[in-house]
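These notes concern the structure reproduced below.
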Amino acid sequence: MTTWEFAAAAVLEGFGQTVSIQKLRVPEPNEGEMLVDVTYGGICGTDLHLQQGHLPIPTPLTLGHEGLGTVRSLGAGTTVDACGATLHVGDTVMWASSISCGQCMPCRQYREPTLCEARRTYGVNRSLAEGAGLSGAWAETILLHPGVVVVKLPQGADELAAMSLACAGPTLVHALYERRPVRLGETVIVQGSGPVGLAAAALAHMAGAEKVILVGGPRQRLDLAAKCGIGHHHIDIVDGANPQQALDQARALTPGGTGADLVIECAGIPGAVAQGLTLARRGGSYLVVGQYTDNGDTMLNPHQIVHRQLDIHGSWAFSGAHLVEYVRLLPVLSNRFDLRSLVVPFPLADVRIAMEAVANGTVIKAVLQSA
């Protein structure tokens, strides 16, 4: 008789339900697979929306689409990471959250694997019914399937710093490399001061923006961003009595008070989109990144689009290639910005407390610690 080993995992049984810790069987990796003992599983704002049913995902499932851990065992044929480096048991790795099929029209014709029609995403659409259930990073162990992009961390990399932008970083690599790059000398306004907003601001700095203005909140988030060196100006639109004053203040900081060359929406609040349209200069660009889940409709004035002659771009998630680039950038990102201070670890057993901390904005980045 086989004696199975089990690992703790944070499981969402159904929409609107509380996440619970369950024990799930740990399988042996098959050909092309690997088992990774999770050190940190990041909590993303998207996870809170998933719990509320803002995307049509299957349940029950183990949550967690961003993680970092050490290789526990390698299935046959699993020998190198995405950059060709040899993989060994004990290596510290990060992995892309999604696997694209490579066969559908977006993959083959449009060269847009993020739009894959059969995209399989850890912690989002891999339910417990598919197998062992260890397909999310909110667990002690995760089973990575054939085709996943796995990247070894650079020697000496700070693991908590890497987790600070584990999902947001590659998401903004996609948005700012391929959808609408930041140009040298531009003024950039970023809406939102969570991990996505801070990733946008940090990469805008590195791309050569002359001025980066963060519009977000609550105040403690903005203060921490300033302390970390992210953003030149930090405007609170959450705790203030008059949001219009915050918008006017942001616009006044742009050249001639006419608006930013590029506005990046990272707030995830539908109402922010209408506000963002008014923050761009005439002939400027608006890049919408934060509306990953369906959080409802909003009213906006289309005249703002035409009158300002705006270029509007959407950017959806990231692919394995964007994770590779994020990991490559980690040393310079960590040297320039104090990313580690953005992260607050919680024991896996305290997943509910950690989710509440993310929901009420008392932390910028919460991670669940398994080891």
Side-chain angles (χ1 to χ4, degrees), residues 165 168-217 222 225-226 228-237 243-291 298 300-316 318 322 325-326 329 332-333 336-337:
L165 306 175
T171 295
L172 267 297
V173 166
H174 177 210
L176 295 180
Y177 279 38
E178 298 175 23
R179 302 300 295 149
R180 204 299 193 170
V182 174
R183 297 164 186 148
L184 288 173
E186 286 193 320
T187 295
V188 177
I189 292 178
V190 176
Q191 296 175 275
S193 51
V196 177
L198 297 191
L203 290 176
H205 278 294
M206 293 180 62
E210 181 179 357
K211 185 182 291 186
V212 178
I213 303 164
L214 266 174
V215 180
L222 294 169
C228 292
I230 300 177
H232 295 107
H233 302 277
H234 306 82
I235 299 173
D236 189 350
I237 198 172
Q244 188 58 49
Q245 284 185 344
L247 297 174
D248 292 342
Q249 183 183 354
R251 203 178 298 109
L253 291 167
T254 65
T258 60
D261 300 295
L262 171 63
V263 179
I264 310 172
E265 183 281 316
C266 303
I269 301 168
V273 176
Q275 294 174 340
L277 295 176
T278 71
L279 294 174
R281 67 167 173 83
R282 297 189 75 183
S285 298
Y286 192 37
L287 175 60
V288 182
V289 182
Q291 309 293 323
T298 189
L300 58 84
N301 183 350
H303 171 69
Q304 295 293 337
I305 301 172
V306 176
H307 170 70
R308 296 173 187 276
Q309 195 168 295
L310 297 182
D311 292 326
I312 300 179
H313 307 264
S315 187
W316 171 262
F318 67 92
H322 304 123
E325 189 65 18
Y326 169 68
L329 288 170
V332 67
L333 277 168
R336 181 161 181 178
F337 309 108

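Only a predicted model underlies this, so the values are computations on that prediction, with no experimental measurement involved. Values reported hereafter were calculated over all heavy atoms of this structure, with side chains retained and with hydrogens, waters and symmetry mates removed.
- Every residue two or more places apart in sequence or in another chain that forms a side chain to side chain donor-acceptor pair (under 3.5 Å) with Arg308 is listed here: Gln304.
- Residue pairs satisfying the salt bridge (charged side-chain N to carboxylate O under 4.0 Å, His left out) criterion with at least one member in residues 247-257, sequence neighbours excluded, are listed as follows: Asp248-Arg251.
- Between Gly216 and Leu222 the shortest heavy-atom distance is O-CD1, 3.7 Å.
- The shortest non-hydrogen separation linking Leu203 to Gly169 is CD1-O, 4.2 Å.
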> Passes side chain to side chain contact (heavy atoms under 4.5 Å, CB included), Val182 versus Leu262? Steps please.
Replying inline: CA-CA 8 Å; Val182 174; Leu262 171 63; 3.8 Å; yes
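- Scanning all heavy atoms of the two residues, the minimum distance from Ala202 to Ile230 falls at N-CG2, 3.9 Å.
- The side chain to side chain donor-acceptor pair (under 3.5 Å) analysis of residues 190-199, with sequence neighbours excluded, yields the pairs Gln191-Tyr286.
- Ring orientation note: the planes of Phe337 and His205 are tilted relative to one another, at an angle of 30° to 60°.
- Within the 4.5 Å cutoff, the side chain of Leu277 has heavy atoms near those of the Ile312 side chain.
- Closest approach of Ala250 to Leu279, counting heavy atoms only: CB-CD2, 4.3 Å.
- Within the model, atoms CD of Gln275 and CD1 of Ile237 stand 4.5 Å from one another, a figure rounded to the nearest 0.5 Å.
- Counting only heavy atoms from C-beta outward, the side chains of Met206 and Leu329 approach each other to under 4.5 Å.
- Pairs of residues two or more places apart, or lying in two chains, never qualify as salt bridge (charged side-chain N to carboxylate O under 4.0 Å, His left out) while including a residue from residues 187-207.
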>> Run the side chain to side chain contact (heavy atoms under 4.5 Å, CB included) test on Ile213 and Thr254 for me, step by step, so that the C-alpha distance in whole Å, both residues' side-chain angles and the decisive distance to 0.1 Å come before the verdict.
In response: CA-CA 9 Å; Ile213 303 164; Thr254 65; 4.2 Å; yes
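- Within the 3.5 Å criterion, the main-chain N or O of Glu210 finds no donor-acceptor partner in the side chain of Glu186.
- Using modelled atom types, no side-chain atom of Arg282 and backbone atom of Gln309 make a donor-acceptor pair closer than 3.5 Å.
- When the side chain to side chain donor-acceptor pair (under 3.5 Å) test is applied to Asp236, no partner is found at least two apart in sequence or on another chain.
- A 4.5 Å side-chain heavy-atom check between Leu172 and Leu165 finds every atom pair outside the cut-off.
- Listed by chain and residue number, nothing satisfies the ring-ring contact (aromatic ring centres under 6.0 Å, His included) test with His313 (two or more places apart in sequence, or in another chain).
- Annotation for Arg179 and Ser315: closest pair CG-OG, 3.3 Å, computed over non-hydrogen atoms.
- Here the shortest heavy-atom pairing between Ala280 and Ser285 reads CB-O, 4.2 Å.
- Put simply, the side chain of His232 gets close to the backbone of Val212: a donor and an acceptor are under 3.5 Å apart.
- In this structure, Ile189 CD1 and Lys211 NZ are separated by 9.5 Å, a value rounded to the nearest 0.5 Å.
- At a threshold of 4.5 Å between non-hydrogen side-chain atoms, the residues Leu287 and Leu176 count as touching.
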>> With side chain to side chain contact (heavy atoms under 4.5 Å, CB included) as the criterion, how do Thr278 and Asn301 come out once you've worked through the C-alpha distance, each side chain's angles and the decisive distance to 0.1 Å?
In response: CA-CA 9 Å; Thr278 71; Asn301 183 350; over 6 Å; no
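- Phe318 places none of its side-chain heavy atoms less than 4.5 Å from the side chain of Val173.
- Proximity of Asp261 to Arg183: side-chain heavy atoms (C-beta onward) are nowhere separated by under 4.5 Å.
- Residue Gln245 holds its CD atom at 11.5 Å from CD1 of Ile235, rounded to the nearest 0.5 Å.
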>> Set out, in order, the CA-CA distance, both residues' side-chain angles and the distance that settles side chain to side chain contact (heavy atoms under 4.5 Å, CB included) for Val190 and Leu198, then state yes or no.
In response: CA-CA 8 Å; Val190 176; Leu198 297 191; over 6 Å; no
